[in-house]
Amino acid sequence: MSRLDRAGIARRVAADIPPGSYVNLGIGQPTLVADYLAPDSGVILHTENGMLGMGRAAVGDEVDPDLINAGKVPVTEPPGASYFHHADSFAMMRGGHLDVCVLGAFQVSFAGDLANWHTGEPDAIPAVGGAMDLAIGAKSVYVMMTLFTDAGAPKLVPSCTYPLTGLRCVSRVYTDYGVFLIEPDGVTIRETYGIEEPDLRGKLGL
Amino acid sequence: MSRLDRAGIARRVAADIPPGSYVNLGIGQPTLVADYLAPDSGVILHTENGMLGMGRAAVGDEVDPDLINAGKVPVTEPPGASYFHHADSFAMMRGGHLDVCVLGAFQVSFAGDLANWHTGEPDAIPAVGGAMDLAIGAKSVYVMMTLFTDAGAPKLVPSCTYPLTGLRCVSRVYTDYGVFLIEPDGVTIRETYGIEEPDLRGKLGL
Amino acid sequence: MTLVVESADEAVAGVSDGATVLVGGFGTAGQPMELIDALRRLGAKDLTVVSNNAGNGSQGLAALLAAGQVRRIVCSFPRQKDSYVFDELYRSKRIELEVVPQGNLAERLRAAGAGIGAFYCPTGVGTPLAEGKETRTIDGREYVLEFPIHGDVALIKAHQADTLGNLVYRKTARNFGPVMATAAKLTVAQVTSVSSPGSIDPEAVVTPGIFVDRVVACPSPAVLAEEGAAG
Amino acid sequence: MTLVVESADEAVAGVSDGATVLVGGFGTAGQPMELIDALRRLGAKDLTVVSNNAGNGSQGLAALLAAGQVRRIVCSFPRQKDSYVFDELYRSKRIELEVVPQGNLAERLRAAGAGIGAFYCPTGVGTPLAEGKETRTIDGREYVLEFPIHGDVALIKAHQADTLGNLVYRKTARNFGPVMATAAKLTVAQVTSVSSPGSIDPEAVVTPGIFVDRVVACPSPAVLAEEGAAG
């Protein structure tokens, strides 16, 4: 099997989400996952700006400025949706009620530490949004990302060098080269794409 | 002016509640206050079991087992009422949003300590309900009670001997013999009924 | 995922001995009578029950207590005019009691549902119910440290549900239902009717389906408790 | 008591220099544009603004920032595609920034409204945003101690009000409005229309009138912010 593209990673994540799960898809790449959920999966999407049972992106006349997702993209309201305020929405997350949260990342450590909110550049304007809440809120946190930076550096690392979003919070990492399980005794490679496992271990120092 | 009866005390309290106030009337005697609020006072009643804008006691066909006050008495729903759950209801109280709370008491200390939930008898079954939340929740806490026990002991005392409900929380005490203001520098007698102030001071050790 | 089940017995299946059971209701308003009856039939014992009151008359929670299935009860106001079942058990030392101020009961349940580790609360400072508890002065005011109350199971009564488990309540029968729904591992709701998604206004949903594991329709008339003093 | 006032200017009258102003909205959804414009006209300065974002485009909150009236902003996500007004102020050190995780912002506002002195929160543990904060391990999990955020004024946008100040919101424009309404000494709501008591279903009221001091009808079209990453 060859290296996955973004759609391939999203498809792989979608296949691992149990039917009927309550799921928050982070902004950016993770939103692609929604496109690969089976229509009868019964997966219910949460958006942290106050909606459960969020629908797909709105098109044309469906666009309503009062109905947006966490990325401020207009979405739709399918039957069975509900609205709530921000304290209730984050209580829902912090209280561990979501089954899965899918996030992008700059780096994930072998212990499951997540860095996805700040590049650490001194002149960057800090902005965390709901990243830290999402990182610690769901029963399982899946990261989806390319395994290497454009410069070729691994993003699954012994220890994050970027500012942390959460400690030991990531349970799985879905990448273009493989799927990794973060377990108490270390990282397991569940599958690889376009690379042999020994080579992958070598590149990551696993 | 002669010593007040229960209705007289309730009338006196009602007269001191500013128009438009949000008010919680405790169970027992304090509920009488509602009968003496002017119809156009705009006073809005809160009941801690989850309703703002509570109406009068229900009669006949109005009785609905799902619509009760904190004393479990059926009440009515006037236009402009709202319902909320218990955590929100007590947040409303604890957060200091109510203007006035009127409570009964076994004892009030000169410093405004309140004892109204437990007689301290060793075989009594303890039951606090919302008493402690009410005691510390409103901007002003008014107590209405008879000034003396049946045995003739004062209930406005230098220091409560009954188990406390709240510390330094009472701002006024309305009784059959007089109205007392609890202020940082001590107790002021605002008016007396059927007794001269010096006599009253003497009886209370004020 | 919310399951719509056919009977109250199915709804409480699996509740085990020693479980902490959150029971909705303020007096009889919002008390899930049919679910409690099913729990009694199931026979689970050594239960800890968390509920505002300790039963009214001889039905519902009072009957569960009478059956000897409850080892300990956490509530704000056990003593009511019609709490004779509890009174007798308590006086004969056959049930343990923890009395919690009503607002603290609600807030501790909320904290459990909201992932809050503990909170500083002004209620009860200086009273016997705060004895032995940690305190802290913040901005000149004293607070007591209070911890969450987690349930293994919550049994609640709502008005209507859709098949996704979204709930609306009815008047003051709402009371503890919405917070208890968030605070238990397994939340079971009895409702008067279950309808299809879209039948409840999304703006008016009080408990989103994510908090509800099982729903059962039990069309049952509400009943009035006798008046009791002080909640 | 809730006052229904005739204009946005009347609604914000009395907001003083140095005030802490809670501003509702997530991006432009729920952002009380007319009230913010009125605050700009009022000219109150040295303000601390608490809001999820730091303004979009050149309208509303962004315009208030551009007018130099805001000394400090507390928010979760200042940097957006269209936050150029804030970006410029921040880079030229003409505004102070405190970044707070979004859920902590909401919970700290709720704590202020609910009379909670402080709470232990798991969010941010081990991250730069928890540096210097007190921590505590409870049942094996580490938490950070977080304190309430109180406002002098809250400016929020709701959908409809009745003359008693009861509010309902519209879809995801609800966001921070209900918690901010509870957390300020003076809460001002702009709505599309004000109706008589009884026109809002008591079961569907989101913000009871007790939290609302002033209401003004400002029929204004909602506008879309540009998409911004991560909330």
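Chain A is the first sequence line, chain B the second, and so forth, proteins listed ahead of strands; every chain is numbered from 1. Please read all numbers here as calculations on a predicted model, not as lab measurements. Only heavy atoms go into these numbers, but all of them, side chains included; no hydrogens, no water, no symmetry mates.
If you check the side chains of Ser76(C) and Asn52(C), you find a donor sitting under 3.5 Å from an acceptor.
Side-chain contact between Asp37(D) and Leu39(D): absent, with no pair of heavy atoms (C-beta onward) separated by less than 4.5 Å. Contact of the Leu3(D) side chain with the Val215(D) side chain is not registered, since no non-hydrogen atoms from C-beta on lie closer than 4.5 Å.
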Are Leu97(D) and Cys75(D) close enough, and set up right, to give a side-chain contact (heavy atoms from CB on, under 4.5 Å), and what steps lead you there? CA-CA 8 Å; Leu97(D) 170 66; Cys75(D) 65; 3.9 Å; yes
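A side-chain contact (heavy atoms from CB on, under 4.5 Å) with Arg72(C) holds for exactly one of Thr48(C), Thr20(C), Val50(C); it is Thr48(C).
Residues of residues 117-137 of chain D lying under 4.5 angstrom from chain C, judged on non-hydrogen atoms, are Gly117(D), Ala118(D), Phe119(D), Tyr120(D), Pro122(D), Glu134(D), Arg136(D) in numerical order.
Using a 4.5 Å cut-off between heavy atoms, Arg141(C) makes no contact with chain D at all. Proximity to chain C is limited to the side chain of Ile138(D), based on heavy atoms less than 4.5 angstrom apart. Contacts of Glu146(C) with chain D are absent, with no heavy-atom separation under 4.5 Å from either backbone or side chain. Contacts between Phe147(C) and chain D at a heavy-atom distance below 4.5 Å involve the side chain alone, from C-beta outward.
Using a cutoff of 4.0 Å between basic side-chain nitrogens and carboxylate oxygens, Glu6(C) and Arg214(C) are not scored as salt-bridged. Using a 4.0 Å cut-off between charged side-chain N and carboxylate O, Glu203(C) and Arg174(D) make a salt bridge. For Arg108(D) and Glu98(D), the salt-bridge test passes: some basic side-chain N is under 4.0 Å from an acidic carboxylate O.
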